Each structure stands twice: as C-alpha cells, then as structure tokens.
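Sequential numbering from 1 along the given sequence is applied to the chain's residues. In what follows, every heavy atom counts, from backbone to side chain, and hydrogens, waters and symmetry copies are set aside. Predicted model only: the values in this text are computed from it and were never measured.
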Amino acid sequence: MMYKFKIILIFLILIILTLSFAEETKRVLVIYDSFSRIGEDYPIGNQLEEYLSHYGVYVGSVNSEELLPDVTQYDLVIYLGFQEKLLKRDFLKEISKSKKIVWIEENIDQFAKYIGCSEFKDVGKRYGFIELSYKGYKLSFDPQTFIHIVLPKKANVLSYVSDDLNNFPYVFRVDNLYYFGRLDFRDSTGIVFLDLLHDILGIKYPSFKKALIIIDEINPFTDASLLQGKLQTVCCHQIPYSIVVYPTVKKDGKLYYLSDNEKLSKVLLEIENSNIGIIQGSYYEKNYDSKINSDLNLLASYGIHPIAFKFYGVPYKERYIDAAKFFRILLGDDLVFTKRLYTLIYPINAGFYNPKDPKNVNLILRKAKDFLALRDAILGISIPIYLDREDIERLILGLKDLGYDFLDLLKEPYHVENNNLIIMNKNGKKVVVSNVLPYSKSRLERFFEKFVEYLRIILIFVVTSFIVIILYLVFSRIRLYERGKRQ
C-alpha cells in the first residue's frame, strides 16, 4: 500500500512540474497579410519566426484572411501590417481580445476605430530620418528608409526617430497595444524590436555584450606567412578568436586541396594544437551535405578538428539542415543567437569587409555601437585574411572601447559527429574520437615528388654547367684578346 502511495505521489509531482513548465513557456501568435512588403522579396515574417526561438517561446502563425485561433490562449499577438488593406470586422473583433498585441506599420487606424480610440493620427510613410533614439542610445538610420508615422495624443513613447529638427514616435504603447512604425531586420529597427520583446514578453535575460571574431577565407591558395602575420596581430591583443578553413576550393574546373599547400597545412596543424578554434567552411554546391561530410573527413585526415561550421554562398536557409547533421554550432548571417532543437546558430551580423571601401571598418564599428542597444548582443565579425593589419587592430581596439567582451567558441558546447569522427567539448576540454585515417600521399604522388626533386637537381646542374661554360669562354676570349694586344 505504501509503495503504491509513493508511486502516485511521484506521478502527481511530475504532473505539477510539467504543468508549471508549460505555464512558464510563453506563446506567441504571428498574424500576417504577407511575410514581406509589396515589391520586396526579403522575408521579414520568416525571419521573425526564426528569431522568436531566441526567447524560448512557442510560435504559431496564421494569415489574416484565415480563421484565427483563440487569441486569448497566447501571451502575445504580433500583427505584420506590410500591406495596406481593408481588415474584416470579424478579424478586428477577434484580435481585440489579445492579452498583448504588437502592431507593425499599416492599418492601425482601422483597429483604433474599431476599439473606439480616437487618439491616433495616422500620418503614413515618411522619409528623411537620420537617427533612432532608444533608451539613451542613438542608432544610425538611413534617410532613404521609411517609417510609418502614427501620432498618439496620449501614449508612452518608447523610441523616437528624428530628422534635423524634430522627433517623431517610432514605438509607443497604449495600454496593451505596442505600435512599431517599421520592422526590418536589415536596419536598426530590428535591433530595437528584438530588445523590446524582452520587456513585452516579460522574459528576464542576462545582459551582455560579446564580440565573436573570426578570421575568414583561409583556403588552399592562402599564403602561410600571410596567415601567421594576421594571427600575430590578433594575438597581441590577447583576445579569443577563431579561424575559418575551407579545405577544398574549385578553380577553373579543378579541385584544390589543403595538401597542395604544405606550408599552410603545417601552420594549421600548429593552430589546431594551440588555443585557437578552427571552424569548417564549405563552398556551396549540389549535394551539400555530402560535400560538408567529405570536407570534415578531409580536415580530420590532416589532424585538424573543427568545432563549428560557417556557411558560404548558401542560397537559402533551408540548407542549414545539411550542416546541422554534423555540427551543433553553426555560424550564419542572423541578427541574434537562435536555437533550432539541438542546433545553436551564432550570428555573423556586422556585415562583411569590403576592400574597395576604405571606410568599411568605420561602418562595422558604427554597427557595433548600434548593437549596444540590444541587451544580449552577440556581434559576429568576419575578418577576411587579406584585411590590413592596421585595420584589424583598429577594429579590435574600437570594440574594446565600446565595452565588448570577446566570445571564445572553444568554451561553447560544441559537438561534431559523423560516421568516422566525434569532436566535443567535455568539461572545457576538446575531446576527439576518430577513425579517420591520417592523410598520406599516394605512390603516384610520391613518385612525382621524387621525379620533380631529381628534375630540379638535374636542372640546377645543367644551369650551373652552362654558367661555368659561359664564364670559361668569356675568360678565354679575354686572354686571347690580351695576347693579341701584346703581340
């Protein structure tokens, strides 16, 4: 009897814990007319759903023309008004029941009219704003980018945009309604939106500012001495960083390997044995998962064991699943850190260096300053191997001046695995279990190397002999000339 009572008690405790966890998980419903603006193909709605995983919430979505679920079952409803359209009365009635609602851009006047609120004046789209103010931060803004301006009579204005003369509300709150005059993750409105979501959802999140520095575009054509010079520049500042290695590259129809560059291979092996993280990069091609797996085995055969994967030239994010088969940590061009089940996606969000633009480093530092407004910012910067050492130093010093700490991927929970290999972080140490055979040159390659070596010796002998003969002939002619002169 006592045994049955204990089982029932444990069962009840598990139910209570499960229910309490379920209550803590916030639920968000995204309602959209479309996932992008008319005339644009940038999928803001898809990006939003992906970035919501950053907050650990359940996400549902529905088109505004379809039958809405019970909105009272959601902690937050987000309406994406990317199209000016006539909203149905039933839709307005249902959405007005929301606990909290975030309204983006268009059609707010119809909702205000329905709920009997005459405190909004919808001005429409306006341009010419040069700055976005939020919580004491001044974020950069392109004057050619629009903001949908709505002027409330009474509201708590959370963020302003300004031109040379005046301030206009960008985000304001009236009761349970939050209005955003624009949402786009390609500009600073995305930063403000993602930070405010913490407050709107009521989710507590640790505050930090971290920079993720990676030295990129290292491939079989990279000069080993160039790489060593750039690494010395970064090492002098005593910050953690990682490098991205592309083990194969195709040029003029021919595939080149790291083994074709022995000096570089030796330097990379030294890096592997030091406290520097190595990230695998694979240039995109068909059968991408097979390509990634092949490159992973190839690196392991050289004694190089990557801890993460970075995308290059991937046409659409659905292909992220290819790398996620092997790598837990991925690096992509997202705005914030996100999580997909077991996979962790770290952002490369500061843009890519443009060698044709001498002001590019300043633009990256300007973006780094904008990201200070995001309470849990990870600023990912891809530094190409050909960037000048002076620019690298200016970039690192600028990030330090802004107060950024530096993220060490070697301390993150990485895990890499395929049929032949396991690489993982176990209690802060890199553990490798590998059945990959070490790289060794084929008989043909060894024969060819010997042949080239002998050919080089023969060539040196022939050239030296030729020079000796020429010198002998010259000196002989000089002697003959001197004898003739005496006679």
Side-chain angles (χ1 to χ4, degrees), residues 28-40 44-45 47-49 52 61-66 68 71-72 74-129 132-134 141 145-163 166-185 187-190 192-197 199-201:
V28 178
L29 178 64
V30 179
I31 303 175
Y32 59 92
D33 300 323
S34 70
F35 269 4
S36 58
R37 299 187 186 90
I38 296 175
E40 296 184 7
I44 302 172
Q47 290 285 76
L48 171 61
E49 289 188 1
L52 284 170
S61 63
V62 62
N63 190 289
S64 61
E65 295 294 329
E66 298 175 3
L68 298 186
V71 298
T72 62
Y74 292 85
D75 298 281
L76 175 64
V77 173
I78 301 175
Y79 171 71
L80 302 178
F82 294 143
Q83 295 181 9
E84 187 177 354
K85 61 178 288 187
L86 182 64
L87 300 177
K88 295 178 181 178
R89 185 173 180 82
D90 288 343
F91 170 80
L92 294 170
K93 179 181 178 182
E94 187 61 31
I95 201 173
S96 66
K97 301 174 184 177
S98 304
K99 296 176 182 177
K100 288 183 180 179
I101 181 168
V102 167
W103 198 285
I104 309 293
E105 298 182 19
E106 303 280 2
N107 309 318
I108 184 65
D109 54 331
Q110 298 178 57
F111 181 70
K113 184 177 179 181
Y114 177 82
I115 62 175
C117 179
S118 59
E119 296 182 351
F120 298 160
K121 181 182 179 182
D122 193 336
V123 178
K125 293 180 180 178
R126 292 292 183 269
Y127 297 82
F129 303 110
L132 194 157
S133 300
Y134 172 67
F141 200 78
T145 299
F146 79 85
I147 293 286
H148 193 106
I149 296 297
V150 174
L151 302 176
K153 292 181 181 177
K154 293 181 180 179
N156 179 16
V157 178
L158 303 174
S159 177
Y160 291 92
V161 286
S162 59
D163 53 24
N166 301 303
N167 293 332
F168 297 86
Y170 158 57
V171 184
F172 63 81
R173 177 185 180 182
V174 177
D175 298 326
N176 68 332
L177 170 68
Y178 295 81
Y179 178 77
F180 288 76
R182 178 182 175 85
L183 175 60
D184 199 312
F185 299 111
D187 59 47
S188 52
T189 61
V192 173
F193 177 84
L194 291 172
D195 186 75
L196 265 175
L197 269 185
D199 299 328
I200 296 171
L201 288 167

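- Across all their heavy atoms, S96 and I115 have their closest contact at CB-CG2, 4.2 Å.
- In this structure, S162 has no side-chain hydrogen bond (donor to acceptor under 3.5 Å, both in side chains) partners at least two apart in sequence or on a different chain.
- The ring pair (Phe, Tyr, Trp, His ring centres under 6.0 Å) test with Y179 singles out one residue from F172, F120, Y170, and that residue is F172.
- Crowding of N63 atom CG: a count of heavy atoms from other residues, nucleotides or ligands under 6.0 Å exceeding 12.
- Residues that satisfy the side chain to side chain contact (heavy atoms under 4.5 Å, CB included) test with D90, not counting sequence neighbours, are absent from this structure.
- Summarising the geometry, atom CD1 belonging to I200 is positioned 11.5 Å from atom CG belonging to N176; distances are rounded to the nearest 0.5 Å.
- No side-chain heavy atom of V171 sits under 4.5 Å from any side-chain heavy atom of Y134.
- Under the 4.5 Å side-chain criterion, counting only non-hydrogen atoms from C-beta, V123 is not in contact with F168.
- Residue pairs meeting the ring-ring contact (aromatic ring centres under 6.0 Å, His included) criterion with at least one partner in residues 84-105, sequence neighbours excluded, are Y79-F91, Y79-W103, W103-F111.
- From Q83, atom CD reaches atom CG of N107 across 9.0 Å, with rounding to the nearest 0.5 Å.
- Listed by chain and number, the residues in a side-chain hydrogen bond (donor to acceptor under 3.5 Å, both in side chains) with E106 amount to none (sequence neighbours excluded).
- Rounding to the nearest 0.5 Å places NZ of K99 at 6.5 Å from OG1 of T72.
- Residues satisfying the side chain to side chain contact (heavy atoms under 4.5 Å, CB included) test with V71, not counting sequence neighbours, are L29, V77, E94, K97, S98.
- A 4.5 Å side-chain heavy-atom check between F82 and I38 finds every atom pair outside the cut-off.
- Listed by first then second residue, pairs satisfying salt bridge (Lys or Arg N to Asp or Glu O under 4.0 Å) with a partner in residues 30-39 read D33-K85, R37-E40, R37-E105, R37-D184, not counting sequence neighbours.
- Here D199 pairs with K135, R375 under the salt bridge (charged side-chain N to carboxylate O under 4.0 Å, His left out) rule; sequence neighbours left out.
- Residues satisfying the salt bridge (charged side-chain N to carboxylate O under 4.0 Å, His left out) criterion with K93, sequence neighbours excluded, are absent altogether.
- The two residues V28 and Y74 have their closest heavy-atom pair at C-CD2, 3.6 Å.
- In terms of the ring-ring contact (aromatic ring centres under 6.0 Å, His included) criterion, residue partners of F35 (sequence neighbours excluded) are, by chain and number, Y32.
- Sparse packing is recorded around NZ of K88, with 12 or fewer heavy atoms of other residues, nucleotides or ligands lying under 6.0 Å away.
- Annotation: side chain to side chain contact (heavy atoms under 4.5 Å, CB included) contacts of Y127 (sequence neighbours excluded): F146.
- Between L86 and Q110 the shortest side-chain heavy-atom distance falls below 4.5 Å.
- Shown here are the side chain to side chain contact (heavy atoms under 4.5 Å, CB included) partners of T145, two or more places apart in sequence or in another chain: F141, D142, R182, D187.
- Atoms CG and CD1, on L48 and I104 in that order, are 8.0 Å from each other to the nearest 0.5 Å.
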Review item, side-chain donor-acceptor pairs of residues 147-161, under 3.5 Å, at least two apart:
{"unit_1": "H148", "atom_1": "NE2", "unit_2": "D122", "atom_2": "OD1", "d": "2.8"}
{"unit_1": "H148", "atom_1": "NE2", "unit_2": "D122", "atom_2": "OD2", "d": "3.4"}
{"unit_1": "S159", "atom_1": "OG", "unit_2": "S133", "atom_2": "O", "d": "2.8"}

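- Between I78 and F193, some side-chain heavy-atom pair lies under the 4.5 Å cut-off.
- Between V102 and L183 the shortest side-chain heavy-atom distance does not fall below 4.5 Å.
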